[in-house]
Amino acid sequence: MSESEIPPEGRPVDVYLDLLRVRMDTEDYRLLLDVVEPVLEAIDEHRLSGMDLALDSGDEELPQEVRDEAALVIATAVTGRLDNEVVELEVDDTGPVRVVTDAATAADPSRLGEIADFIRDRHRQNEELRGIAEASGLPTDF
């Protein structure tokens, strides 16, 4: 869908949610809304900076398709773009990692390699910090 197809009063995220309502199973769509509604409210109220964005709905295990769609809904709300994609990257230290990016980056192997390198470096830094915290008797659940 191109930007010119979005009604003037509509936000891209609302258009995307309408498309998902038609396409998804009713129960999966309900799960999706449970996950994304608090985040969308926080975005609307400009209080996203301190919010934990775990794609989880509490006790229920979310199917991967619902997690992916939730990530895409949030990305659409933040970027205003409808061309976001979920890409799975193989990162040696952590295993496969799913990231949301725009279509151009998703199609660029060298850019995806840079993102995987960044994730590897961040993981290594986190492990070093976790080791320092543990040796210092500090909490390690960051």
Side-chain angles (χ1 to χ4, degrees), residues 1-3 5-7 9-142:
M1 174 175 280
S2 72
E3 215 170 290
E5 295 175 275
I6 298 172
E9 69 283 351
R11 299 179 311 170
V13 69
D14 296 328
V15 172
Y16 191 61
L17 283 169
D18 286 342
L19 291 171
L20 290 176
R21 183 181 304 118
V22 172
R23 195 189 83 196
M24 290 180 80
D25 172 75
T26 302
E27 182 61 23
D28 286 347
Y29 186 74
R30 184 195 63 77
L31 287 172
L32 173 80
L33 288 180
D34 288 347
V35 172
V36 300
E37 281 180 337
V39 178
L40 297 178
E41 288 173 15
I43 291 169
D44 286 344
E45 296 170 4
H46 303 288
R47 57 179 176 84
L48 187 62
S49 62
M51 186 171 207
D52 184 9
L53 293 178
L55 295 180
D56 214 331
S57 69
D59 296 333
E60 298 180 54
E61 180 67 28
L62 287 177
Q64 189 62 53
E65 179 188 1
V66 175
R67 287 177 187 265
D68 289 350
E69 290 299 350
L72 291 170
V73 167
I74 294 166
T76 301
V78 170
T79 65
R81 297 174 61 136
L82 293 167
D83 70 338
N84 300 303
E85 294 183 27
V86 174
V87 178
E88 187 170 277
L89 301 174
E90 278 299 321
V91 180
D92 303 332
D93 300 339
T94 63
V97 176
R98 298 173 85 76
V99 297
V100 177
T101 187
D102 62 275
T105 301
D108 183 349
S110 73
R111 183 69 181 118
L112 292 176
E114 291 171 12
I115 294 170
D117 290 342
F118 175 81
I119 292 169
R120 277 187 209 94
D121 289 344
R122 186 62 182 254
H123 177 73
R124 218 175 347 264
Q125 290 171 3
N126 285 346
E127 289 305 308
E128 287 176 22
L129 291 173
R130 188 170 280 113
I132 293 168
E134 187 175 292
S136 303
L138 298 170
T140 59
D141 59 345
F142 52 87

Discussion item. Can you see whether Thr105 engages Asp102 through a side-chain donor-acceptor pair at a distance of less than 3.5 angstrom?
Written reply: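 Side-chain D/A pair, Thr105 to Asp102: present.
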
For [X] and [Y], which heavy atoms make the closest approach, and how far apart are they?
| X | Y | answer |
| --- | --- | --- |
| Pro12 | Leu82 | O-CD2, 3.6 Å |
| Tyr29 | Leu17 | OH-O, 3.4 Å |
| Val35 | Val39 | O-CG2, 3.9 Å |
| Ala116 | Glu90 | CB-O, 4.5 Å |
| Ala133 | Pro139 | CB-O, 3.6 Å |
| Val100 | Ala75 | CG1-CB, 3.6 Å |

Please examine the side chains of [Y] and [X], heavy atoms only from C-beta on, and report whether any two atoms are closer than 4.5 Å.
| X | Y | answer |
| --- | --- | --- |
| Thr101 | Asn84 | no |
| Val66 | Met24 | yes |
| Leu31 | Glu27 | yes |
| Ile119 | Val99 | yes |
| Val87 | Ile115 | no |

Only counting residues at least two apart or in another chain, list the ones meeting side-chain hydrogen bond (donor to acceptor under 3.5 Å, both in side chains) with [X].
| X | result |
| --- | --- |
| Arg120 | Asp117 |
| Asp28 | none |
| Ser136 | none |
| Gln64 | Asp68 |

Worksheet item: Does a side-chain N-to-carboxylate-O contact under 4.0 Å join Arg11 and Asp44?
Response: yes

Discussion item. Under 4.0 Å between a side-chain nitrogen and a carboxylate oxygen: does that hold for Glu37 and Arg30?
Written reply: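 Result for this pair is no, no salt bridge flagged.
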
Discussion item. Assess the residue pair Glu65 and Arg23 against the criterion (salt bridge (Lys or Arg N to Asp or Glu O under 4.0 Å)); give the C-alpha distance rounded to whole Å, side-chain angles, the decisive distance to 0.1 Å, and a yes or no.
Written reply: CA-CA 12 Å; Glu65 179 188 1; Arg23 195 189 83 196; 3.8 Å; yes

Practice prompt. Spell out, as yes or no, whether a donor-acceptor pair under 3.5 Å connects the side chain of Arg130 to the backbone of Thr140.
Written response: yes

Worksheet entry | salt bridge (charged side-chain N to carboxylate O under 4.0 Å, His left out) partners for Arg122, two or more places apart |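 Expected list: none.
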
Item to complete: Just jot down the salt bridge (charged side-chain N to carboxylate O under 4.0 Å, His left out) partners of Glu134, sequence neighbours excluded, or say none.
Response: none

Worksheet item: Does the salt bridge (Lys or Arg N to Asp or Glu O under 4.0 Å) test come out yes or no for Arg124 and Glu127, once each step is laid out?
Response: CA-CA 5 Å; Arg124 218 175 347 264; Glu127 289 305 308; over 6 Å; no

